[in-house]
Every structure is written in structure tokens, then in C-alpha cells.
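Order of the sequence lines sets the chain letters (A, B, ...), proteins ahead of strands, with each chain counted from 1. Since the model is a prediction, treat every value here as computed from it, not as a measurement.
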Amino acid sequence: MQDFVAAKFEMAEYWHINSGLEERVKEFLAKKIEPDVVLQIDIPEKDFNIAGRGSSELKNLLKRLGVDSDILRRIAVASYEAEINVAAHSIGGKMISNVYDDLIYMQFIDNGPGISDIEQAMIPGYSTADDLVREFGFGAGLGLPNIKKNSDALHIESALGSPTLVEIIIFFLK
Amino acid sequence: MINLSDYVTAIKGINCTSALSLEGVKITGAYVCDMLSDVMGSAKPGQVWITIMKHLNIIAVASMTGIPAIIFAKGNEPDTAVIEKAIEEGIILISSKLPTFELAGKLYKLLNP
Ligand SMILES: Nc1ncnc2c1ncn2[C@@H]1O[C@H](COP(=O)(O)OP(=O)(O)OP(=O)(O)O)[C@@H](O)[C@H]1O
Ligand SMILES: [Mg+2]
């Protein structure tokens with residue numbers, strides 16, 4: 001995970017790990033095991049016909065792999081929200097889904113302009129969505145809270161004028 | 001829980017996704033909202049979604065959330081691309097002339113006779 005820390009920026013960090021899973025998450029990140037499957041997809045800026053494809057592809061793959069439907073729903077919602085955020089709020093980026101036999105580790109990396117205050121962005125109802133984004137029905141300021149609610153671990157790294165990294169871990173079994 | 005088909009009859013709804021049958025589809029309630037993230041955060045699987053939004057993203061939202069059918073208020077009808085995507089994902093699209101308030105009210109009455 002530290003690989004993504006762009007040292008030249010003064011990046012702010014946000015972590016949320018479901019209680020009781022701290023050790024499991026730390027252990028996973030420390031081990032740096034090769035994923036079984038990697039899906040990578042580009043997310044262009046403000047194209048809401050394309051945004052969502054990565055999540056949809058991932059959902060279909062995990063369904064084929066037999067992931068439990070409640071867990072699948074949590075993964076689908078979290079990944080869709082994060083994918084839409086890249087399209088809605090950044091100049092574009094990519095989604096990388098690392099599939100393991102017991103968990104999914106998703107990374108959303110965009111090309112800026114970054115988040116000036118991550119704690120504020122996490123507040124339900126906080127949104128800087130522009131008119132176009134709102135026309136599409138986004139901009140309630142509930143995407144990041146939804147991601148937090150559905151993830152076992154959420155890590156955000158960003159700063160104004162920098163790329164944003166959003167990382168999500170969801171275990172397939174409790 | 002009621003049959004989707006009974007609700008569609010009550011609201012004089014038109015099935016825009018005629019390739020998908022209403023037969024056997026049961027619904028537990030509705031979520032009424034036009035903000036997609038609010039739907040993803042609060043709608044429950046098995047509820048229909050009553051809205052006026054009709055662009056492509058609603059299909060993804062319904063599919064991610066486990067919503068079996070979207071009910072369009074005030075005679076809104078989605079375009080062909082949206083209908084095709086809905087059929088692919090198995091999401092039933094219903095259009096009704098009634099406004100949102102009446103669509104929700106009629107369903108509430110059916111569920112709580
Ligand atoms: N990838 C990103 N790059 C830059 N800013 C972001 C990014 N993701 C989120 N933000 C900022 O955080 C705010 C809150 O995000 P959140 O997803 O909670 O709400 P929203 O996207 O505005 O609306 P909603 O998700 O309800 O449609 C955004 O309005 C934006 O200011
Ligand atoms: Mg959002």
C-alpha cells in the first residue's frame with residue numbers, strides 16, 4: 001500500500017477499518033501476496049455511460065466465483081460509488097480490482113485535482129458535485145459514507161492538487 | 001409482500017421491458033428518491049424504486065442494490081438504450097402517468113390493506 005504514497009505531495013490520509021478486523025487487514029497488506037485475478041479498467045472524466053462498467057464487470061466475475069450475495073451487494077455498492085466519484089470529481093483515473101480467494105482489494109487511482117479535506121468529504125451530505133453531475137442524480141454527498149458502510153477497510157489518500165487514492169477491502173467470509 | 005403485477009395494474013403501469021415477465025415477482029415495498037447514492041445507501045433488496053430519473057446509470061444502481069423493478073412517475077419513459085440494458089440485467093421498467101406521491105400511496109395501501 002505504501003507503494004502508492006507519492007512522497008512529493010503532502011498527502012493526507014484517512015483510514016476506517018471495521019472493529020475486530022484490524023489485524024486481518026494489517027496482515028493482508030503486509031504480506032503483499034499476488035492476487036489470483038486482476039481486473040483493470042480506465043475511468044474517463046464525466047462519462048457516466050462508461051463509469052460503472054468496472055464495477056459491473058467485477059460483480060459478474062465475483063458472482064461466477066460464487067461470492068455470497070450479501071457480500072456481493074456490499075462490494076458492488078462500494079465499487080460503484082468509488083468508480084462514479086473518479087468520473088464525477090476527477091479528471092479521470094483507473095480502477096484496479098485484486099481478487100483473492102478470501103477477499104477483494106480494490107484500488108481507485110485518479111489524476112487529481114484531489115480532496116482538500118478528507119474528513120469533511122466523509123460527512124454525509126457534503127458534496128461539491130457540479131450541475132452536470134447533479135443532473136445525472138449524483139451529488140447527494142452519500143457516496144463516501146456508503147463506501148465506508150459497506151467496506152471492511154477503507155483507505156483514502158489525497159491532497160488538493162494531487163491524485164486521490166481510494167482503497168477498499170471486503171472479505172468474502174465473516 | 002405483494003405481486004408486482006397487482007401493483008402495476010393498480011397504477012395503470014406499462015411494462016417498458018416487455019421481454020421481462022412480471023409473473024412471480026414479489027415486492028416488499030418501495031424506495032422513493034431521485035438521488036442515486038441515497039438509493040444505494042437505503043433501498044432494500046425486493047423494494048421497487050419510484051423515480052423520475054431515467055438515464056442509463058439507474059440500471060446499474062438497481063442492479064447493485066437488488067431492486068427488481070423501477071417505476072417511472074408522471075409518464076416518464078426511458079429510451080431504448082436504457083431498456084436494452086435493463087433487459088440484460090433483468091430489471092423491470094414500468095411507466096405510469098401517476099405522480100410520485102400517488103405511486104407510493106397506492107403501494108402503501110396494497111401492502112397495508
Ligand atoms: N476521487 C475524488 N476526487 C476529488 N474529490 C473527490 C473524489 N471523491 C470524492 N470527492 C469529494 O468528496 C465529496 C463527497 O463525495 P461523496 O461520494 O460522498 O458525495 P458526492 O459524490 O458529491 O455525491 P454522491 O456520491 O451522493 O452522488 C465530493 O463531492 C467531492 O468533493
Ligand atoms: Mg459520490
Margin query: Report which part of A:Ser69 has an atom under 4.5 Å of a heavy atom belonging to chain B: side chain, backbone, both, or neither.
Written below: neither
Check: Taking B:Gln47 for the side chain and B:Lys44 for the main chain, is one N or O donor matched with an acceptor at less than 3.5 Å?
Finding: yes
Item checked: B:Asn57 portion near chain A, given a 4.5 angstrom heavy-atom threshold -> both
Check: With only heavy atoms counted, which part of A:Ile75 is less than 4.5 Å from chain B, the side chain, the backbone, both or neither?
Finding: neither
Next item on the list: Could you tell me whether the side chain of A:Asp117 and the main chain of A:Glu119 form a donor-acceptor pair under 3.5 Å?
Entry: yes
Next item on the list: Name the orientation class of the two ring planes belonging to A:Phe138 and A:Tyr80 (parallel below 30°, tilted from 30 to 60°, perpendicular beyond 60°).
Entry: tilted
Next item on the list: Inspect the contact between A:Lys46 and A:Asp130 and indicate whether a charged nitrogen and a carboxylate oxygen are less than 4.0 angstrom apart.
Entry: yes
Note to self: Does this structure show an ion pair linking A:Glu27 with A:Lys31, if we count only N-O contacts that are shorter than 4.0 Å?
What the structure shows: yes
Next item on the list: Heavy atoms only, distances under 4.5 angstrom: which of B:Pro45, B:Cys33, B:Gly66 has the most pairs with chain A? Name it, please.
Entry: B:Pro45
Check: Considering only heavy atoms, which portion of B:Met53 lies under 4.5 Å from any heavy atom of chain A: side chain, backbone, both, or neither?
Finding: side chain
Item checked: Contact class of B:Thr65 relative to chain A, heavy atoms under 4.5 angstrom -> both
